[in-house]
Amino acid sequence: MIQIRQLKLMPGHSDRELTEKAARVLRIRPEEIASLRVVRQSIDARKKPEIRLIYTVDVKLVAREEKVLLSCRKNPDVGPAPEVRYRFPEPGKEILAERPLIIGTGPAGLFCGYLLAKAGYRPLLLERGEDVESRTRRVEDFWKTGVLAPDSNVQFGEGGAGTFSDGKLNTLVKDKDGRNAEVLKIFVENGAPEEIRYESRPHVGTDVLSRVVKHMREQILSWGGEVRFSTRVTELVMEGGRVRGVVCESGERIDAGAVVLAIGHSARDTFAMLEKKGIPMEAKSFAVGFRVEHPQELINLSQYAQRSPEALPPASYKLTAKTSEGRGVYSFCMCPGGYVVNASSEPGRLAVNGMSYSGRDGKNANSAIIVSVTPQDYGADGPLAGIHFQRRLEERAFRAAGGAVPVQRYADYAGAEREKRERHVPADFAPAIKGGWKFADLRDILPPSVRKAFLEGMEAFDRIIPGFADDAVCLSGVESRTSSPVRIPRDETLQSSVRGLYPCGEGAGYAGGITSAAMDGMRVAEAIAARYQIFQNGGNDGTVSE
């Protein structure tokens, strides 16, 4: 197999044109190419409006590959295709008396369960929320009525918080072991489009992701695993420094020698239970801010020099700044053609997130513009101080508009001290929000130092994207669930100091998005498999009723 890098073509090209371009680089006829697989596709907009697509492709020839490679040896963009193949470990030697138990079916728990089930370990997955179909109906009802279901909402339920998001699948995690590629492969095998395997910024959208999640669950069941919904874990059973099982809200005890904590970043009651049980935890830094909405055409114009480009996806951006006081400000979870969503999970508190459907065809672009905060900002000590900090902000956001999503124009939020500038956003620009919303005053939600950093960041970003800080730009808040404010330490075996307990994914502080959480779930599955023999059911299903 031969790999060619830096193949440039115009947007809207045909498959035939890509094959012909590859053949020209290799100095062969197109008919000599037996197959061509796109490894990566990115957009080069450095010379806008002349946009180009850049490809890396793997090419298999009908014959004489070695001779062709030799003839291209002076071309730095041509060489043998590297092989990075994901390998799940062989079963270990220790005996696991009960099947592995996984708490949570977000990306971390779902991928952990998927790999263990495929390998024959018959895992049991417990999810406090509902299955994705019921959960979707529940969330849509919440957006219409404002009636919140605390255990089944945008944060909780099958698929985790990422199910109601843009479905971005890019990650900065290094992939020397092939986990990233395997995550994308598994998504495609379960119904995601093939393009996510090579796009530089892959996404599936909440509508497609919900179908993928359901299909993965069905696969787990077909391999002998079990998934229980509306089952909230309220207690860990421990003895002699080891986990022995869990107790559910119903009072049922489930024995397990390997328990995966894939609880997500919003399981605040579970974190409180863990603290009470003496599980080592620590407060960690994260970030807070607001969702910021612009017309998608404004973002297209800045990135492509075209308002409505053909054969190109809606444009996105990634922005970072350092403030005068040393805080980091950056864009997070950017949703082209998307919506702001009410992502609350506790009564009397309000948080927002961003979401796109697979088509990304909404009129607005939005992203979270967030400011880094550290334990020194939390106003309290202890491992859960960041959670208390989040709750204070969310209570202020809830009060600001009486439970609706509070929205404010940037000019009103910034006040009279802001710089005057040319207008790029129409004065009647309206937000696109899933859930009830009202214009309100956001100025007292963030602490003063964080508010100051947010404003400095917005002004810096306006110098990069003209119109980013226009008067009519819409802010909504509060964006407080960017990542977990808690970390649950684990050792090189991926276990807590409590043996058999495997902190995993974003909630445990080891991931920051769908793909990185899925990859961490895979790592934990590998650790369990490398340690234990395949679980064989000898009549004990791992359940003991008290």
Using the ring of each side chain (for Trp, its six-membered ring), is W223 parallel, tilted or perpendicular to Y114, with breaks at 30° and 60°?
perpendicular

Do you see a donor-acceptor pair shorter than 3.5 Å between the side chains of R201 and S316?
yes

Report the residues that fulfil salt bridge (Lys or Arg N to Asp or Glu O under 4.0 Å) with E20, sequence neighbours left out, ordered by chain and then residue number.
R16

Got a second to check how far R138's CZ is from D131's CG, nearest 0.5 Å?
10.5 Å

Return yes if some donor-acceptor pair links the side-chain N/O of S484 with the main-chain N/O of G507 below 3.5 Å, else return no.
yes

Keeping the roles fixed (side chain from T482, backbone from A287), state whether a donor-acceptor pair exists under 3.5 Å.
yes

Take atom NZ in K363; do more than 12 heavy atoms of anything else shown fall under 6.0 Å from it?
no

Taking every non-hydrogen atom, the tightest pair across N170 and T515
N-OG1, 4.2 Å

Using modelled atom types only, decide if a donor and an acceptor are shared between the side chain of K434 and the backbone of V139 within a distance under 3.5 Å.
no

Would you please name every residue forming a side-chain hydrogen bond (donor to acceptor under 3.5 Å, both in side chains) with E526, sequence neighbours left out?
Y86, R179

State whether the number of non-hydrogen atoms from other residues, nucleotides or ligands found under 6.0 Å of E195 atom CD is greater than 12.
yes

Do Y121 side-chain atoms and Y532 backbone N/O form a donor-acceptor pair below 3.5 Å?
yes

Polar side chain donor-acceptor pair, Y317 to S367, under 3.5 angstrom:
yes

In terms of heavy-atom contacts, A525 and L116 come closest through O-CD2, 3.7 Å

Without placing hydrogens or testing angles, list every side-chain donor-acceptor pair under 3.5 Å for residues 68-81, not counting sequence neighbours.
residue: S71; atom: OG; partner: V68; partner atom: O; Å: 2.7
residue: R73; atom: NH1; partner: L70; partner atom: O; Å: 2.7
residue: N75; atom: OD1; partner: D77; partner atom: N; Å: 2.9

Residue set satisfying side chain to side chain contact (heavy atoms under 4.5 Å, CB included) with R490, at least two apart, ordered chain then number -> L494, P503, Y510, D520, R523, V524

Does S344 offer a backbone N or O that forms a donor-acceptor pair with the side chain of N342 under 3.5 Å?
yes

Look up atom CD in E459 and atom CD1 in I464, then write down how far apart they are to the nearest 0.5 Å.
12.0 Å

Audit row: L53, Q41, side chain to side chain contact (heavy atoms under 4.5 Å, CB included) steps and yes/no:
CA-CA 7 Å; L53 301 180; Q41 178 204 72; 4.1 Å; yes

What pairs with S165 under side chain to side chain contact (heavy atoms under 4.5 Å, CB included), at least two apart in sequence or on another chain?
N353, I514

Do side-chain atoms of E293 reach the backbone of P431 as a donor and acceptor pair under 3.5 angstrom?
no

For F111, enumerate each residue passing the ring-ring contact (aromatic ring centres under 6.0 Å, His included) test, keeping only those at least two apart in sequence or located in another chain.
F187

Which distance, rounded to the nearest 0.5 Å, do you find between the CD1 of I28 and the CD1 of I2?
7.0 Å

Within 6.0 Å of NZ in K284, more than 12 heavy atoms from elsewhere
yes

Can we say E130 and R137 salt-bridge, meaning some charged N sits less than 4.0 Å from an Asp/Glu carboxylate O?
no

Short side-chain donor-acceptor distance under 3.5 Å, Q296 and N364
no

Picking from F461, Y410, F454, what satisfies side-chain contact (heavy atoms from CB on, under 4.5 Å) with V292?
F454

Determine whether L26 and V59 satisfy the following criterion, side chain to side chain contact (heavy atoms under 4.5 Å, CB included), listing intermediate values before the conclusion.
CA-CA 10 Å; L26 298 178; V59 175; 4.3 Å; yes

Okay, side chain of N190, backbone of A192: is any donor-acceptor separation there less than 3.5 Å?
no

Would T136 and F164 count as a side chain to side chain contact (heavy atoms under 4.5 Å, CB included) here? Give the steps.
CA-CA 9 Å; T136 298; F164 293 94; 3.8 Å; yes

Sorted by chain and residue number, the salt bridge (Lys or Arg N to Asp or Glu O under 4.0 Å) partners of E506 (sequence neighbours excluded) come out as none

Using the ring pair (Phe, Tyr, Trp, His ring centres under 6.0 Å) rule, collect all pairs that involve residues 33-55, keeping only residues at least two apart or in two chains.
H13-Y55

Checking E218 now: which residues fulfil salt bridge (Lys or Arg N to Asp or Glu O under 4.0 Å) with it, not counting sequence neighbours?
none

Under the salt bridge (Lys or Arg N to Asp or Glu O under 4.0 Å) rule, collect the residues that match up with E199, sequence neighbours excluded.
none

Before accepting this row, confirm whether a basic side-chain N of the pair R135/E158 lies closer than 4.0 Å to the acidic partner's carboxylate O.
no

Just wondering, are more than 12 heavy atoms of other shown residues or ligands nearer than 6.0 Å to CD in E31?
yes

Y357 backbone acceptor or donor facing D207 side chain under 3.5 Å
no

Between T105 and R217, is the side chain to side chain contact (heavy atoms under 4.5 Å, CB included) condition met? List the steps.
CA-CA 9 Å; T105 62; R217 179 230 307 165; over 6 Å; no

Taking all atoms of both residues into account, what is the closest heavy-atom pair of S266 and F156, and its distance?
O-CZ, 3.1 Å

Whether over 12 other heavy atoms sit under 6.0 Å from D491 CG:
yes

Answer yes or no: is there a donor N or O on one side and an acceptor on the other, between the side chain of S356 and the main chain of R360, under 3.5 Å?
no

Mind checking what makes side chain to side chain contact (heavy atoms under 4.5 Å, CB included) contact with E297, not counting sequence neighbours?
R307, S308

Donor-acceptor pair, side chain of D44 and main chain of I54, under 3.5 angstrom
no

Any residue meeting side chain to side chain contact (heavy atoms under 4.5 Å, CB included) with A368, in chain and number order, not counting sequence neighbours:
R291, F332, I370, E479

